[in-house]
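Report on the following structure.
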Amino acid sequence: MSMTDPIADLLTRIRNAQKAGHESTVIPRSKIKLAIVAILKSEGFVEGYVEDDKGPQGTLKVFLRYDGKKGGVIRGLKRVSKPGRRVYVGKNDIPRVRDGLGTVILTTPRGLLTDYQARQAGVGGEVVCHVW
C-alpha cells in the first residue's frame, strides 16, 4: 500500500498515540518529518525524538508530552495543505492559530519554519499544518 500523504500520517500517529496515552510513537523517517518533529520539540509540543537507522529508511521515535492531568500538550493537529489541495500564503497572509497560542508550520524557501519565524524572515510558503 503506497501512502499518498506521509505528513498526514505523521500527524495522525501523534494524535492517536497521545489519545491512547502512549509515551512515544514510531514513524517512518523522512527529512520533512524530521523537520516537523524538530519544530514540535522546539515549540514545546513534544518531549523529544530519537532517530533509528534500522530498515531501508529508518524510523523516528517521538516522545509525547503530557501536562499534569495526563492530558496531551497537543490539543489539536490539523493538516492544511493536502496533496489534492495545496494551500500557499504570502508573507503578509500567514494565518494565526488560536490568536497566537498555536503554531503554523510552513514550508518556505528557507526550509520549514513556524509562523513566527516566517514573519521574522519575511517569507511566505505552503501551510503544512496548524498545531495548538
Please find the pair of heavy atoms, one from [X] and one from [Y], that lie closest to each other, and give the distance.
X: Thr4; Y: Pro83; answer: O-CG, 3.6 Å
X: Trp132; Y: Phe45; answer: C-CE2, 4.0 Å
X: Gly44; Y: Val73; answer: O-CG1, 3.7 Å
X: Ser24; Y: Ala17; answer: O-CB, 4.4 Å
X: Ser81; Y: Val127; answer: CB-O, 2.8 Å
X: Pro109; Y: Gly124; answer: CD-O, 3.7 Å

request  = First locate atom CG of Leu11, then atom NE2 of His130, and finally report the distance between them rounded to the nearest 0.5 Å.
outcome  =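 Spacing of CG (Leu11) from NE2 (His130) equals 11.5 Å.
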inquiry  = As an exercise, state the distance from CG of Asp52 to OG1 of Thr59, rounded to the nearest 0.5 Å.
reply    =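 That separation rounds to 4.0 Å.
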Heavy-atom distance under 4.5 Å between the side chains of [X] and [Y], does that happen here?
X: Cys129; Y: Ile7; result: no
X: Tyr66; Y: Gln18; result: yes
X: Val46; Y: Ile74; result: yes

Which donor-acceptor pairs under 3.5 Å do the side chains of residues 84-97 make with protein atoms, sequence neighbours left out?
from: Arg86; atom 1: NH1; to: Glu126; atom 2: OE2; distance (Å): 3.0

message = Considering only residues two or more places apart or on different chains, which pairs with a residue in residues 97-110 satisfy salt bridge (charged side-chain N to carboxylate O under 4.0 Å, His left out)?
response =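 Found none.
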key: All pairs passing salt bridge (charged side-chain N to carboxylate O under 4.0 Å, His left out) where residues 3-25 contributes a residue, at least two apart   =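 Qualifying pairs, neighbours excluded: Asp5-Arg79, Asp9-Arg13.
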Set of residues satisfying side-chain hydrogen bond (donor to acceptor under 3.5 Å, both in side chains) with respect to Arg75, sequence neighbours excluded =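 With neighbours one apart ignored, the set is Asp67.
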inquiry  = Quick check: is Val128 connected to Leu10 through a chain of hydrophobic side chains (ILVMFWY, heavy atoms under 4.5 Å apart)?
reply    =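 Same cluster.
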Name every donor-acceptor pair, under 3.5 Å, that has one atom in a side chain of residues 29-43 and the other anywhere in the protein, sequence neighbours excluded.
from: Arg29; atom 1: NE; to: Gln57; atom 2: O; distance (Å): 3.3
from: Arg29; atom 1: NH1; to: Glu51; atom 2: OE1; distance (Å): 3.0
from: Arg29; atom 1: NH1; to: Asp53; atom 2: OD1; distance (Å): 2.8
from: Arg29; atom 1: NH2; to: Asp53; atom 2: OD1; distance (Å): 3.3
from: Arg29; atom 1: NH2; to: Gln57; atom 2: O; distance (Å): 3.4
from: Ser30; atom 1: OG; to: Lys33; atom 2: N; distance (Å): 3.3
from: Lys33; atom 1: NZ; to: Pro28; atom 2: O; distance (Å): 3.0
from: Ser42; atom 1: OG; to: Ile39; atom 2: O; distance (Å): 3.0
from: Glu43; atom 1: OE1; to: Thr103; atom 2: OG1; distance (Å): 3.4

query = If you group Ile, Leu, Val, Met, Phe, Trp and Tyr whenever their side-chain heavy atoms sit less than 4.5 Å apart, what else falls in with Val50?
reply =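 Via sub-4.5 Å side-chain contacts, Val50 links to Phe63.
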